[in-house]
Amino acid sequence: MSSSYLSISNPNTYVRTYNSSIKAVANNTVSKTSITGGHYSTTVANYVPDGYTCSETDDADYPYVVTADVELPALYGETLTLDGSVGVTYYFNMTDQTDPDAYTLVANIDGTDEMQTVSASGSMTVDNAVYYRYTVYVNPTQFSSTISAYLTDGTNSTATYDYSVVTYCKKAIERDWDESDICKALLNYGNYATAYYSGISTCSLVGVDGWTDPVAGEWTADLSKYSGTETEGTAKALLLGDSVVIRVYMTSDVASESDVFTVDGTVLEKQALENESYAYYVEFKVSAKNMSKTFTVMKNGEEFTSYSVLSYVNNVITADSSDTALSNLCKAIYYYSTAADNYTGWQ
């Protein structure tokens with residue numbers, strides 16, 4: 001039993017930079033006690049308490065911003081993060097902050113109304129300066145999306161900074177950095193993911209010197225070693241987020257409530273389903289550098305089934321299917337996997 005099901009998940013994405021409790025202004029009056037750092041649709045200069053400043057911005061909808069008259073963390077720089085997942089990391093200089101752990105990053109992707117606050121994922125010291133890192137992860141349909149982020153301790157907020165995966169990748173390609181090849185494969189993957197998901201390609205590399213899209217060429221890859229992963233009573237699918245997720249669906253004939261499933265020694269959380277075909281599913285994340293690896297799912301300590309990202313790719317491409325968009329996306333995943341295997345800069 002097999003499946004060609006594939007979905008693209010939206011990771012925990014973000015709210016607008018403008019918090020609704022800040023921009024809600026009734027009858028053009030604002031209580032002095034409600035003023036915090038943020039953007040406003042009308043001037044609140046007369047209501048700003050000591051320690052804050054109200055200034056004009058270039059934003060037509062929210063032309064005023066209130067900022068605290070304190071020394072805030074300074075943005076040191078942004079970079080692409082390839083730690084098995086894909087995201088953008090912001091580095092802030094915390095050297096002169098008395099409580100750097102009080103700060104979190106708030107971001108939105110292309111102006112969405114959902115928010116995520118990101119805690120620091122680590123720190124480093126360079127030349128006696130302390131930098132904290134905050135990473136925003138994205139799925140392949142969001143590689144070209146603008147990530148707008150600011151740092152806040154709940155009272156004071158920095159300016160909002162915009163960046164994207166495609167911004168970094170195109171710079172790496174143009175300057176022939178070590179990430180150049182994987183960035184090309186990464187953007188091509190994003191291009192075909194958006195084409196599959198929405199019918200619109202957003203990460204095209206047309207115009208990049210020396211770029212030839214391998215997906216458009218003849219398919220010559222032999223992935224036959226990834227075949228033969230069918231197991232009675234199961235179906236397998238991929239979900240595309242900041243990493244790829246393999247999901248294994250199981251009927252009640254092969255799985256029960258008491259069964260324990262593991263991969264590489266890690267216990268998988270078993271989810272119950274209420275449908276006629278399958279009773280449970282388990283899933284596990286596969287980083288880019290492991291997409292060519294075949295994983296063995298253990299059931300109660302014994303081998304149950306095996307699968308890999310490239311098993312799915314092989315099944316789709318060799319199937320008699322008219323879904324060209326899915327087939328092209330799977331080819332792009334394969335070429336991304338190849339570039340990931342050759343990339344040595346994983347963090």
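Because the structure is predicted, anything quoted here is derived from the model rather than measured. Computed from heavy atoms alone, side chains included, the values below leave out hydrogens, waters and symmetry copies.
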Is there a path from Ile333 to Tyr335 through hydrophobic residues (I, L, V, M, F, W, Y) whose side chains come within less than 4.5 Å of each other?
yes

Could you give me the CA-CA distance, side-chain angles and deciding distance for Tyr90 and Tyr161, then say whether ring pair (Phe, Tyr, Trp, His ring centres under 6.0 Å) is met?
CA-CA 9 Å; Tyr90 295 82; Tyr161 304 99; 7.3 Å; no

Checking Thr266 now: which residues fulfil side-chain contact (heavy atoms from CB on, under 4.5 Å) with it, not counting sequence neighbours?
none

In chain order, what residues pass the ring-ring contact (aromatic ring centres under 6.0 Å, His included) check against Tyr336, with sequence neighbours excluded?
Tyr189

Does any non-hydrogen side-chain atom of Phe304 lie less than 4.5 Å from one of Thr234?
yes

Give me the atom names and distance for the closest heavy-atom approach of Tyr226 to Ser292.
OH-O, 2.8 Å

With Thr318, which residues qualify under side-chain contact (heavy atoms from CB on, under 4.5 Å), at least two apart?
Asn314

Please lay out, stage by stage, how Val138 and Val88 fare under the test side chain to side chain contact (heavy atoms under 4.5 Å, CB included).
CA-CA 8 Å; Val138 293; Val88 167; over 6 Å; no

Spell out, yes or no, whether Tyr196 and Trp219 are grouped together once hydrophobic residues are joined by side-chain heavy atoms under 4.5 Å, including indirect joins.
yes

Test item: Gln97 side-chain N/O and Glu71 main-chain N/O as donor-acceptor pair under 3.5 Å:
yes

No-hydrogen, no-angle side-chain donor-acceptor test under 3.5 Å, Thr95 and Asn93:
yes

Any residue meeting ring-ring contact (aromatic ring centres under 6.0 Å, His included) with Tyr163, in chain and number order, not counting sequence neighbours
none

Heavy-atom side-chain contact between Leu105 and Val136 under 4.5 Å:
yes

Closest heavy-atom pair, Ser311 versus Thr229, reported as atoms and distance to 0.1 Å, is OG-CG2, 3.7 Å

Which atom pairs, one a donor and one an acceptor, fall under 3.5 Å between side chains of residues 204-213 and the rest of the protein, sequence neighbours left out?
from	atom 1	to	atom 2	distance (Å)
Ser204	OG	Val206	N	3.2
Asp213	OD1	Asn188	ND2	3.0
Asp213	OD1	Val215	N	3.0
Asp213	OD2	Tyr192	OH	2.4

Any donor-acceptor N/O pair, Ser287 side chain to Ser85 backbone, under 3.5 Å
no

Is there a path of hydrophobic side-chain contacts, each under 4.5 Å between heavy atoms of I/L/V/M/F/W/Y residues, joining Leu268 to Met298?
no

Show the nearest heavy-atom pair for residues Leu72 and Ser157, with the distance to one decimal.
CD1-O, 3.0 Å

Between the main-chain N or O of Ser306 and the side-chain N or O of Thr296, is there a donor-acceptor pair closer than 3.5 Å?
no

Show the numbers, then the answer: is there a side chain to side chain contact (heavy atoms under 4.5 Å, CB included) between Phe284 and Val297?
CA-CA 10 Å; Phe284 54 95; Val297 179; 4.0 Å; yes

What heavy-atom pair brings Pro100 and Thr98 nearest, and what distance separates the two atoms?
CD-C, 3.6 Å

Asn156 and Thr152: CA distance, side-chain angles, deciding distance, side chain to side chain contact (heavy atoms under 4.5 Å, CB included) verdict:
CA-CA 6 Å; Asn156 308 307; Thr152 180; 5.9 Å; no

So which pairs with a foot in residues 93-116 pass ring-ring contact (aromatic ring centres under 6.0 Å, His included), sequence neighbours left out?
none

Quick one: does Ser327's side chain have a donor or acceptor within less than 3.5 Å of a partner on Asp323's backbone?
no

Contacts of type side chain to side chain donor-acceptor pair (under 3.5 Å), residue Tyr132, not counting sequence neighbours:
Asp101

Testing the basics here: between Phe261 and Ala255, what is the closest heavy-atom pair and its distance to 0.1 Å?
CZ-CB, 4.0 Å

Could you grab the distance from atom CG of Leu151 to atom OH of Tyr134, nearest 0.5 Å is fine?
4.5 Å

Do Thr81 and Asp83 have a side chain donor and acceptor closer than 3.5 Å?
no

Kindly say whether Tyr334 contributes a backbone atom to a donor-acceptor pair with the side chain of Thr338 at under 3.5 angstrom?
yes

Residues in side-chain contact (heavy atoms from CB on, under 4.5 Å) with Thr146, at least two apart?
Asp110, Ser148, Asp162

At their closest point, which heavy atom of Pro73 faces which heavy atom of Thr158, and how far apart are they?
O-CG2, 3.6 Å

In Å and rounded to the nearest 0.5 Å, what is the CG to OH distance from Leu75 to Tyr150?
15.5 Å

With sequence neighbours left out, what residues match Lys293 under salt bridge (Lys or Arg N to Asp or Glu O under 4.0 Å)?
Asp264

Test side chain to side chain donor-acceptor pair (under 3.5 Å) applied to Ser224 and Asp222, step by step
CA-CA 6 Å; Ser224 58; Asp222 181 7; 2.9 Å; yes

Backbone of Thr141 reached by a side-chain donor or acceptor of Asn139 within 3.5 Å
yes

Just by distance, do the side chain of Thr202 and the backbone of Ser144 share a donor-acceptor pair under 3.5 Å?
no

Taking side chain as C-beta onward, heavy atoms only, is Met250 less than 4.5 Å from Thr231?
no

Would you give the length of the straight line joining atom SG of Cys203 to atom CG of Leu186, rounded to the nearest 0.5 angstrom?
8.0 Å

Would you call Val245 and Leu238 a side-chain contact if the rule is heavy atoms closer than 4.5 Å?
no

Working note: Val165 + Val86, criterion side chain to side chain contact (heavy atoms under 4.5 Å, CB included); need CA distance, chi angles, decisive distance, verdict.
CA-CA 8 Å; Val165 170; Val86 180; 4.1 Å; yes

Side chain to side chain donor-acceptor pair (under 3.5 Å) for Thr305 and Lys236? Distances and angles first, verdict last.
CA-CA 10 Å; Thr305 190; Lys236 295 149 184 173; 2.6 Å; yes

Is it the case that the side chain of Thr262 and the backbone of Gly265 share a donor-acceptor pair, with hydrogens and angles ignored and the cut-off at 3.5 Å?
no

Output every pair passing salt bridge (charged side-chain N to carboxylate O under 4.0 Å, His left out) with a member in residues 249-260, not counting sequence neighbours, ordered by first then second residue.
Asp259-Lys299

OH of Tyr278 to CG of Leu273, rounded to nearest 0.5 Å, is 10.5 Å

Output the distance between atom CD1 (Ile182) and atom CG (Asn342), rounded to the nearest 0.5 Å.
9.0 Å

Mind checking side-chain contact (heavy atoms from CB on, under 4.5 Å) for Ser121 and listing every partner two or more places apart, or none if nothing turns up?
Arg133, Thr135

Are any of the side-chain heavy atoms of Tyr137 and Val118 separated by less than 4.5 Å?
no

Enumerate the side chain to side chain donor-acceptor pair (under 3.5 Å) contacts for residues 169-187, please, sequence neighbours excluded, ordered by first and then second residue.
Tyr168-Glu179

Quick one: pull up SG in Cys183 and CG in Leu187 and give me the separation to the nearest 0.5 Å.
6.5 Å

Check whether any side-chain heavy atom of Val254 sits under 4.5 Å from a side-chain heavy atom of Glu232, and report yes or no.
no

